[in-house]
Amino acid sequence: MNTEAQRWRIGGRVQGVGFRPFVYRLAHACSLTGWVRNDSGAVEIHAEGSAERLKAFGESLVGRAPPTARAHLIDVKPVPLESSGAFLILTSTVGRDQQITVPMDLFTCDECVSELRDPASRRYRYPFINCTQCGPRYTIIRQLPYDRRNTTLAQFALCPECATEYSDPLDRRFHAQPLACPVCGPALYWDDERAGPVRNTAALTAAVAALRNGQIIAMRGVGGYHLLCDAANESAVTRLRARKGRPAKPFAILVPWSGDGGLDCANRLAQISALEGAALRDPARPIVLVARRPQAELAADIAPGLREIGLMLPYSPLHHLLVEDFGGPLVATSGNLSGEPVLTLPDEAQRRLRPIADGFLHHDRPIARPADDAVIRVVAGVVRPVRLGRGTAPLELSLAVQPRVPTLAVGAHGKGTVALAWGDRAVVSPHIGDYSTPRGRAMFAQVAADLQALYGVRAELVVHDAHPDFFSTRWARESGLPTTAVWHHQAHAAAVAGEYPGGAPILCFTWDGIGLGPDRDLWGGEALFGLPGAWRHVASFRPFCLPGGERAAREPWRSALAVCWACGISWPVGERRGGALLRQAADNGLNAPKTTAVGRLFDAAAALLGVCLTSSYEGEAPMRLEALCEAEVPPVPLPVGRDGRGIWCCDWRPLVPELLDFRETSAFRAAQFHASLAHALCHQATAVRDDTGVNRIGLAGGVFQNRVLTERAQVLLDAAGFEVLIPQRLPLNDAAISFGQIIEATALHAAI
C-alpha cells in the first residue's frame, strides 16, 4: 500500500465545537497518522495513509462535522510525508493569515442533560456541566486561540478525574475548555438579607424556595443576570414591574423542558407552530415570540395588551435545574436597570439590583463580556431575528465587495450593535442596547474593543450615523481614526443589499420611527432605489409635524393630534392634553419638526383607537395596534402621486376619519389601517417599477417587524410579480444599521 500525505485547512465555526477531537477520532477510524491543530482561527490537519483512506477522511471532515460546527474547506494539498507514528493533537499556533471565528455560547447538549439528572454521575445536578458540544464560549473567552488558558476557566485547576477526561482523545470531554466538576469547578452561592451566604445545593434550594414564596431573585447565568419570579403569580409579576420601573414592556418566560420533544409545558401556554417549535429547540435557545393561549396559567400582566408571549427553553445546566425544581414557568427578564446592558459582576448586581431582587443566586465563573438573550419571531413563514444575542452572535456575514481597509461601524443610537469588516468578512456584535446611559456607553466601547482584539483586526476607518448628536457619532469622531458618515435610511437599505447581494438594483422601503435624512428632515417612510453608494429617493409619505419634538416618540397622542390637525378634524382627547398651546407652537415653528415617519403614523393610529396614548417602551403603540388585528379587511385607498421633487408621495389623510369611525370595532379599524399601508406600499412599488423596471423589493426598518403589515405587503408584492427581500440573518430594526454602514461606506469608497 502506497502511503501519501495531504494537508487540509478548515475554516468557519471550528473552534469551541469539538472539531479537533472529532478530527482525531475520524483519523483513528480511518487508520491514518498525522496531526491536527488550531491555527489562527482555522484548523490545520496533516494526515498520512492510503489514497482511498485519505479521500474518505477528507470527505468526512465537512460532511460529518460536529452538529454545532459550521465548517468549510479553505485549502487541501499534497505534502511531503512526515512519517508520523500516530495521530496527535498539537498545541495551537498563531500565524499571519488569521481566519479567526469566535465561537458562540452553546446550549446544554442532551448527553450532558442526561448526566445532570443521573444520580450515579459524579456531575449529578452540577450546574456547570459541559462537554465539547455544549457550554459557554463567547462569554468566557479572553483571547484566541480557544484554549483553556485563554478563558475565564483558567483560574480553576482541573482535578485528576477531569484532567484524565480532558486528556483522553476518546472521551467526549477531550479538550473541552470549560470542563469542570463539583470538586474543581465553579460554585453557586445564595445571598439574601435574612441569612448569610450558602453554597451549591443549599443555594439552589434557597433560590427555589424564594421563588415559591412569591419573591423576586437575580440569578447569574451565562452572559449576565436574569431577574426571575413565578410567571403565574400576579403579585410577584406586579411587584417586579413596579420595582424595575417597567409598567408594560413584555416579560420573557422560561419554561421547563418537558415531554419527549421538550415542549409540553410550552404548548400549554402558547400555540406553537412547527417553525416556532424548531426555533425554541434550536441550539441558540432564543426567546421565541408565540401566540398566547387564552387559558394559559400565567399572570395577566406578563405582556399587557399583546397576543404574543416570549418563551424560551433552558439553555444552561443552572437554568435546567432551577426551572425543573420550581416546576413551572418563570419570568426571566434581563438583570439590568431599564435601558442598560445586562449586568455581569456579582458585586455590581448586588448593589444595583438590590432595590429589585429579594435574593441573589450568584456563581464564581467570571463572565468576560455580556450577552443578552436572543429574540426571534416567525414572519412571512421564516424565522427572523428581532435581537441578536447569546447563541446567535457574533454574527458572521460574507462581503461581496471588500473594504479597502479594516472598518469598524458603530451603528445608530438605539438597539445598538457594532460591526467589524475586513477582507470578505463582516462580524456583527450581540445586542448592546441604547447609549443614553453611562453603562451603555461603556459597554459599547468594550464591545468595539473586544471585537477587534478577538479577531486580531485593528480598524483603520470608523463609519457612523450622519446624525451629529448621536453618542456613536461623537465617539467615532474622537477615535483618532478617519471617519465616514452614512445616512440612517441608506444604511437600512444597504443592509438588505448586503444580505442579498446581486447586480440588479433594489427598491428598498425603509420604514421606521425617525431618522435624519440628507435633506435634514426627519425621515421614516422612504423608499430608496438603486444599489449601495448610489441610492435615489423615489417614494415617501405626506409629512406631518411632531408637536413637542422628541416627546412624540413616547406620547403617541401628540402624533394623533398632528394628523387630526392636518385633516381639519377635532380630536377632543388630544385637545384636553394641551392641544391649543401645541397648535400655537407648531404654527409658529416651535419644536414641531416635520416628519414622514410611518412609525409615528402607527403611533397616531394607536392613540386614535384609544389603545395607547402614552408609551412606556419603544414600539408599544404599534405592538398594541398589531395585536388588535383579527381578520383581513378591505383597505382604504390612499392617493399616491408625484410631488414637486418627482417623488411618489402617499397621502395618509383618508385614514384618519376611518380610524375615528366608532361604528366599526377597534379590531376592524386596526386591520384596515394595516391593509391600507400594505396596499399603499405596493402602489408605490408598482409606480416606481413603471419608471425604472425594478423588480427586487427590499423591506427594512423597525416598522416591518410588524407581522400583519409585512405578511400582507409580501402577498401583494408577490402577486404583482416582485421579488421580495426581507432580512433573515439580521434584525429589521436598527440592530442592522452597523452592517448597513459597512456595506454603504465600502460602496462609497469604491466609487471614489
Side-chain angles (χ1 to χ4, degrees), residues 6-30 32-47 53-54 56-77 84 86-95 97-112 130-141 143-151 153 165-179 283-284 391 394-396 425 427 454-456:
Q6 287 190 337
R7 191 162 297 178
W8 291 261
R9 190 169 178 81
I10 307 293
R13 192 194 303 170
V14 290
Q15 292 203 10
V17 293
F19 199 82
R20 287 177 298 167
F22 154 72
V23 172
Y24 178 94
R25 292 190 291 270
L26 182 62
H28 277 260
C30 294
L32 301 175
T33 61
W35 48 262
V36 59
R37 67 184 175 197
N38 282 335
D39 179 33
S40 303
V43 170
E44 190 175 17
I45 305 159
H46 177 94
R53 289 176 178 173
L54 289 172
F57 175 77
E59 290 173 349
S60 298
L61 285 174
V62 173
R64 292 170 52 193
T68 51
R70 297 291 184 271
H72 65 264
L73 179 65
I74 296 174
D75 183 46
V76 59
K77 60 186 177 184
S84 306
F87 197 91
L88 306 172
I89 295 182
L90 302 183
T91 302
S92 301
T93 61
V94 178
D97 182 21
Q98 300 208 39
Q99 297 290 329
I100 291 171
T101 297
V102 176
M104 301 176 186
D105 297 310
L106 302 173
F107 75 120
T108 309
C109 71
D110 292 345
E111 286 183 279
C112 281
N130 65 84
C131 70
T132 55
Q133 290 303 296
C134 69
R137 300 291 190 267
Y138 173 75
T139 52
I140 64 168
I141 294 172
Q143 64 184 50
L144 291 174
Y146 177 57
D147 293 322
R148 189 178 180 89
R149 68 179 184 274
N150 294 331
T151 73
L153 273 294
E165 292 171 325
Y166 186 87
S167 304
D168 181 359
L170 300 180
D171 194 288
R172 67 187 176 89
R173 293 193 168 93
F174 178 52
H175 282 226
Q177 308 306 340
L179 180 60
L395 174 66
E396 295 210 17
R425 303 173 68 189
V427 179
L454 287 173
Y455 285 90

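Minimum heavy-atom separation, R37 to T91: CB-O, 3.9 Å. F19 and P66 get closest at one heavy-atom pair: CD1-CD, 3.8 Å. C112 approaches R172 most closely through the heavy-atom pair SG-NH1, 3.3 Å. Of all non-hydrogen atoms in V14 and A71, the two that sit nearest each other are CG1-CB, 3.8 Å. Minimum interatomic distance between G391 and M104 (heavy atoms only, all atoms of both residues): O-SD, 3.0 Å.
In terms of modelled atom types and a separation under 3.5 Å, the side chain of D105 and the main chain of R137 share a donor-acceptor contact. One N or O on the side chain of N130 and one on the backbone of P178 form a donor-acceptor pair closer than 3.5 Å. The main-chain N or O of A176 is never found under 3.5 Å from a side-chain atom of T132 such that the two would form a donor-acceptor pair. Side-chain N or O atoms of E165 include none that pairs as donor or acceptor with a backbone N or O of F174 at under 3.5 Å. Judged purely by atom type and a 3.5 angstrom limit, R13 uses its side chain to pair as donor or acceptor with the backbone of T68. A donor-acceptor pair is defined here as one N or O able to donate and one able to accept, closer than 3.5 Å; such a pair exists between the side chain of Q177 and the backbone of H175. R70 contributes a side-chain N or O that, together with a main-chain N or O of P67, makes up a donor-acceptor pair within less than 3.5 Å.
Two residues are said to be in side-chain contact when any heavy atoms from C-beta on lie closer than 4.5 Å; I74 and I10 fail this criterion. Residues L454 and Y138 form a side-chain contact, since some pair of their non-hydrogen atoms from C-beta on lies under 4.5 Å apart. Here the side chains of I45 and F87 are in contact, with some heavy-atom distance below 4.5 Å. Contact check for F57 versus Q6: no side-chain heavy atoms found under the 4.5 Å cut-off. Annotation: side chain of I141 is in contact with side chain of P103 (closest heavy-atom distance under 4.5 Å). Using a 4.5 Å heavy-atom threshold, the side chains of H72 and V62 count as separate. L90 is not listed as a side-chain neighbour of V36, based on a closest heavy-atom distance of 4.5 Å or more. Residues L54 and W8 form a side-chain contact, since some pair of their non-hydrogen atoms from C-beta on lies under 4.5 Å apart.
Of the charged side-chain nitrogens involved, at least one lies within less than 4.0 Å of a carboxylate oxygen, so that D147 and R20 count as a salt-bridged pair.
The distance from atom CG of L153 to atom CG of L179, rounded to the nearest 0.5 Å, is 8.5 Å. Between E396 atom CD and T101 atom OG1 the span is 4.0 Å, to the nearest 0.5 Å. Separating the CD1 atom in I140 from the CG atom in N150 is a distance of 10.5 Å, to the nearest 0.5 Å. Taking CZ from R7 and CD from E44, the interatomic distance works out to 5.5 Å, rounded to the nearest 0.5 Å. Taking CG of D171 as the start and OH of Y166 as the end, the distance is 12.5 Å to the nearest 0.5 Å.
Residue-environment remark: CG (D168) exceeds the threshold of 12 foreign heavy atoms within 6.0 Å.
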Show your reasoning for whether side chain to side chain contact (heavy atoms under 4.5 Å, CB included) applies to L61 and V23. CA-CA 7 Å; L61 285 174; V23 172; 4.0 Å; yes
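Between W35 and H46, the ring planes are parallel. Angles under 30° get that label, and only those over 60° would be called perpendicular.
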